[in-house]
Colleague: 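This is the structure, below, for whatever I ask next.
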Amino acid sequence: ILSPTTTYKNLVSDDVPSLNFNKLAKGSDLKFVKDKKLFQTGAVKKAIKPTEKVKKGPVICTEETSKKSSSLPITLLNTIVLQDSVKSIASVQVRSDLFDLREGEQIENMAKIDKITRLKLIIKNLNSDECENVMASEAKEMLSLPTNINVLSPSESKKFVKQKKSIEGIKNDGNKFEISKKLLKSKMSNISEILTQAQGITITNPDGSMSFKVVNIEPGSIYNYLGIQDNDVITQINGNKINNLNEVMNLFGRIQNIDQLNLMIERNGVQTPLDYELK
């Protein structure tokens with residue numbers, strides 16, 4: 001019917017061809033075809049290989065995925081955490097070798113540093129391809145401290161706060177501070193610890209001078225005892241505007257030989273002087 005054979009080419013639209021129904025396939029015929037497995041469906045099924053897993057890009061480990069403590073021979077000595085995380089530095093020891101590394105760098109082909117946090121490294125173990133962490137001994141000691149919380153009465157809490165506001169070597173009266181040079185010398189010997197107790201944001205003023213906004217101050221850090229609060233902006237040093245970062249670094253370098261220091265702080269839009277006498 002589909003092609004003009006000699007049998008059907010002369011048919012018109014009203015003609016009905018005579019079909020031999022005795023030659024139609026029977027159920028036994030269909031079973032015969034099925035049993036012969038003409039299309040080899042079973043063999044094809046066995047030949048199909050399992051779909052390979054699509055390889056994804058390198059996974060960046062996070063604190064949430066790095067709960068496991070690493071067994072690699074890596075000792076974390078200290079970290080310097082900055083607001084721009086790629087500039088943060090981790091001091092690590094591998095056997096007798098010391099390294100200062102940044103995020104993204106490898107530790108002797110054993111691990112890749114994905115994140116540097118306070119006294120903690122988030123790494124990817126290059127041998128096991130697992131996310132792990134390496135903590136400094138100081139952080140481990142903090143975790144081992146008792147977690148029970150003692151609730152103080154209002155009077156006891158006021159007394160406790162008053163005691164915590166004083167530190168040996170620092171006296172203050174309002175915005176005037178008297179600092180022992182002996183304390184200052186000991187603190188400056190571990191400048192990396194001081195830098196990790198707060199973060200500084202550089203602000204360029206319209207006149208080209210610079211200011212520094214202090215944020216994320218850790219409770220109980222040296223900044224608290226020097227009267228510096230979260231979101232304070234340092235606008236002047238010794239009555240002068242800050243023109244470049246070198247001025248600040250030079251001040252740090254000779255601070256032990258200075259007797260007087262004045263900082264102008266912008267706090268909640270108000271300029272507040274902080275005066276320090278170094279003895």
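Quick caveat, the model's predicted, so the values are computed rather than measured.
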Colleague: Can you measure from CD1 (I89) to CD (E103) and round to the nearest 0.5 angstrom?
Modeller: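 Answer rounded to 0.5 Å: 11.0 Å.
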Colleague: If I compare all heavy atoms of I217 with all of Q229, which pair ends up nearest, and what's the gap?
Modeller: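 Shortest heavy-atom contact: CD1-C, 3.5 Å.
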Colleague: Distance-only check: which donor-acceptor pairs under 3.5 Å involve side-chain atoms of residues 267-274, not counting sequence neighbours?
Modeller:
unit_1	atom_1	unit_2	atom_2	d
R267	NE	D232	OD1	2.8
R267	NE	D232	OD2	3.3
R267	NH2	G227	O	2.9
R267	NH2	D232	OD2	2.7
Q271	OE1	T235	OG1	3.3
Q271	NE2	E266	OE1	3.3

Colleague: Under a 4.5 Å side-chain heavy-atom rule over Ile, Leu, Val, Met, Phe, Trp and Tyr, are V92 and L77 clustered together?
Modeller: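 Result: no, two separate clusters.
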Colleague: Tell me yes or no: between the side chains of D100 and S91, is some donor less than 3.5 Å from an acceptor?
Modeller: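 Looking only at side-chain atoms, S91 and D100 do form a donor-acceptor pair, the distance falling under 3.5 Å.
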Colleague: So E277 and Q260, side-chain contact (heavy atoms from CB on, under 4.5 Å) or not? Walk me through it.
Modeller: CA-CA 5 Å; E277 185 177 0; Q260 298 284 339; 3.6 Å; yes
Colleague: In terms of hydrophobic clustering (I, L, V, M, F, W, Y; side-chain heavy atoms under 4.5 Å; direct or indirect links), are F212 and I228 co-clustered?
Modeller: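 Both belong to a single hydrophobic cluster.
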Colleague: CD1/I242 to OG/S211 distance, rounded to the nearest 0.5 angstrom?
Modeller: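 Interatomic distance, I242 CD1 to S211 OG, rounded to 0.5 Å: 6.0 Å.
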Colleague: Could you state the interatomic distance from OG (S69) to NZ (K120), rounded to the nearest 0.5 Å?
Modeller: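 If I round to the nearest 0.5 Å, the distance is 9.0 Å.
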Colleague: Considering all heavy atoms of both residues, which atom of K87 and which atom of L82 are nearest to each other, and what is their separation?
Modeller: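 Scanning both residues, the minimum pair turns out to be O-CD1, 3.7 Å.
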Colleague: Any side-chain to backbone donor/acceptor pair from N133 onto I122? Under 3.5 Å, distance only.
Modeller: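 No; judged by distance alone, with no hydrogens or angles, the pair does not exist.
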Colleague: For the atom pair CG (D259) and CG (L278), what is the distance rounded to the nearest 0.5 Å?
Modeller: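 The CG atom of D259 sits 7.0 Å away from the CG atom of L278.
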Colleague: Is there a side-chain contact between P73 and M110, using heavy atoms and a 4.5 Å cut-off?
Modeller: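 The answer is yes; the side chains approach within 4.5 Å.
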Colleague: Other than V215, what residues sit in its cluster of Ile, Leu, Val, Met, Phe, Trp and Tyr side chains whose heavy atoms are under 4.5 Å apart, directly or through others?
Modeller: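 I201, which link up through side-chain heavy atoms under 4.5 Å apart, make up the rest of the cluster.
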Colleague: Looking at T79 and L119, would you say the former's side chain and the latter's main chain have a donor-acceptor pair under 3.5 Å?
Modeller: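 Yes, the answer is positive, given that a donor and an acceptor are paired below the 3.5 Å cut-off.
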Colleague: Tell me if a side-chain donor or acceptor on D207 pairs with a main-chain N or O of S209 at a distance below 3.5 Å.
Modeller: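 At least one qualifying donor-acceptor pair exists.
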Colleague: Return the minimal non-hydrogen interatomic distance between L261 and I237, and the atom names on each side.
Modeller: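 Scanning both residues completely, I find the closest heavy atoms to be CD1-CG2, 4.0 Å.
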Colleague: Under the salt bridge (Lys or Arg N to Asp or Glu O under 4.0 Å) criterion, do E63 and K115 qualify, and how do the steps go?
Modeller: CA-CA 8 Å; E63 291 195 67; K115 190 171 182 59; 5.9 Å; no
Colleague: Looking at I74 and V134, what are the two nearest heavy atoms and their distance?
Modeller: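 Scanning both residues completely, I find the closest heavy atoms to be O-CG1, 3.7 Å.
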Colleague: Write out all pairs satisfying ring-ring contact (aromatic ring centres under 6.0 Å, His included) with one or both partners inside residues 256-279, taking only residues at least two apart or from two chains.
Modeller: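 Those involving residues 256-279 are F177-Y276.
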Colleague: Which pair of heavy atoms, one from K112 and one from G104, lies closest together, and at what distance?
Modeller: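 For K112 versus G104, the nearest heavy atoms are CG-O, 3.9 Å.
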Colleague: Using modelled atom types only, decide if a donor and an acceptor are shared between the side chain of N216 and the backbone of A198 within a distance under 3.5 Å.
Modeller: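 Not confirmed, N216 side chain does not pair with A198 backbone.
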Colleague: Report yes or no: do E132 and S70 form a side-chain donor-acceptor pair below 3.5 Å?
Modeller: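 Side chains of E132 and S70: pair found under 3.5 Å.
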Colleague: Are the side chains of K124 and E130 in touch, meaning some heavy atoms are under 4.5 Å apart?
Modeller: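 With C-beta onward as the side chain, the pair stays apart.
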Colleague: Would you say the side chain of E108 lies within less than 4.5 Å of the side chain of F99, judging by non-hydrogen atoms?
Modeller: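 Of all side-chain heavy-atom pairs linking E108 with F99, at least one is under 4.5 Å.
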Colleague: I want to check something: taking the side chain as every heavy atom from C-beta on, are L72 and I107 in contact at a cut-off of under 4.5 Å?
Modeller: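 When only atoms from C-beta onward are counted, I107 and L72 do not touch, as no gap falls below 4.5 Å.
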Colleague: Using 0.5 Å steps for rounding, measure from the CG atom of L101 to the CG atom of L76.
Modeller: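 Answer for the CG-CG pair, L101 versus L76, is 10.5 Å.
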Colleague: NZ/K241 to CE/M264 distance, rounded to the nearest 0.5 angstrom?
Modeller: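 So the gap between those two atoms works out to 11.5 Å.
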Colleague: Would you say the side chain of K68 lies within less than 4.5 Å of the side chain of N125, judging by non-hydrogen atoms?
Modeller: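 Not in contact.
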Colleague: Compute whether any side-chain donor of one residue and acceptor of the other, for T65 and T62, lie under 3.5 angstrom apart.
Modeller: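 Distance-only check passes for T65 and T62.
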Colleague: So which atom in N231 and which in K213 form the shortest heavy-atom distance, rounded to 0.1 Å?
Modeller: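 Taking every non-hydrogen atom into account, OD1-CE, 3.5 Å.
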